[in-house]
Amino acid sequence: MKRDTIADYLALQRDPVYANYFRQSGTLPLVLEEKTLRDWSRKHDQPLGLVFDNSPFYLVLRDLVAPPGKPPFAYARVIHTGGKAGAVILPVYRGRAALLRHYRHASRDSVWELPRGFMSPGEPLSGTAARELWEELGADPEKTAFTLLGQVQGDSGIIAARAEVYLAELSMAPTERPADPTEGIQRVRWADRAALRDMCAAGEIVDGFTLSALTLWTAAEAR
């Protein structure tokens, strides 16, 4: 059955979980009147509203914005289900941080990055960090000290939510786990600070979440 993307969009706007994503702005005001949305969509033969639902992970919205003195236009963005992007985990054991060699479908390439993952429905982000640490690295969260380092917004041009970054100080080495092809994790590398700096300088680490987490870690150590 075909979804009514505009009706779904207006229902989302009324949901308190997503209220902050519909704040009005003098720079790019949102058009939220149903008739105007439907008329524009029909006239331009373009979809508006909640155009793609990839729950329980994220939603794709196509808003209609009306900047002062200019015609309205469609503007897409991604918001995460539950209003949070997930957690990034920086696992450290005996002075070395764990990096995963991860094959990513979006780029069709393998990259070095820290463990991370989407939040499950009803799960606190600290719980997401603990779960992802076990799932992706095999480290026991019960034997790990977690510290919130800060937040990071992956791409503020299209992604609305922020992820929380956690330092995970392991008290024992993780369990060796076989590669899971559905996760795309190929191998693990433990790197000390000097090796991490060299990898960043050489362009071996390009993942934005990982670079941000390493920056937050450095800033926390300097305080």
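All residue numbers in this chain count up from 1 along the given sequence.
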Would you say Y103 has more than 12 foreign heavy atoms packed within less than 6.0 Å of its OH? yes
To the nearest 0.5 Å, atom CG of D192 lies from atom CZ of R94 at 14.5 Å
Measuring centre to centre across the rings, with the benzene-like ring taken for any Trp, is H80 within less than 6.0 Å of F57? no
Separation of E169 CD from T144 OG1 (nearest 0.5 Å): 9.5 Å
Aromatic plane relationship, Y9 with F22 - under 30° parallel, 30 to 60° tilted, over 60° perpendicular: perpendicular
To the nearest 0.5 Å, how far apart are CG in L61 and CG in L48? 11.0 Å
Within the 4.5 Å heavy-atom criterion, are P56 and F118 side-chain neighbours or not? no
Kindly assign one of parallel, tilted or perpendicular to the pair Y166 and F146, based on the angle between their ring planes and the thresholds 30° and 60°. perpendicular
When rounded to the nearest 0.5 angstrom, what distance separates OG1 in T5 from CZ in R38? 7.5 Å
Are there over 12 heavy-atom neighbours, none belonging to R131, within less than 6.0 Å of that residue's CZ? yes
Classify the ring geometry between W190 and Y93 as parallel (under 30°), tilted (30 to 60°) or perpendicular (over 60°). perpendicular
Salt bridge (charged side-chain N to carboxylate O under 4.0 Å, His left out) with D8: of K2, R14, R3, only one passes, and it is R3
Whether the T128 and E123 side chains hold a donor-acceptor pair (N or O, under 3.5 Å, no angle test) is what I'd like checked. yes
Are L170 and L100 connected, step by step, through hydrophobic side chains (Ile, Leu, Val, Met, Phe, Trp, Tyr) whose heavy atoms are closer than 4.5 Å? yes
Has E142 got more than 12 heavy atoms of other residues, nucleotides or ligands less than 6.0 Å from its CD? no
Just wondering, do Y21 and R77 contact through their side chains at under 4.5 Å, heavy atoms? yes
Following the transitive rule for hydrophobic clusters with a side-chain heavy-atom cut-off under 4.5 Å over Ile, Leu, Val, Met, Phe, Trp and Tyr, establish whether L12 and V60 coincide in one cluster. no
Rounded to the nearest 0.5 Å, the OG1 atom of T218 sits from the CZ atom of R223 at a distance of 11.0 Å
What I'd like to find out is whether the side chain of V51 reaches to under 4.5 Å of the side chain of L59, using heavy atoms alone. no
In the structure I gave you, are the side-chain heavy atoms of F209 and L214 within less than 4.5 Å of one another anywhere? no
For a 4.5 angstrom cut-off between non-hydrogen side-chain atoms, does S110 reach Q186? yes
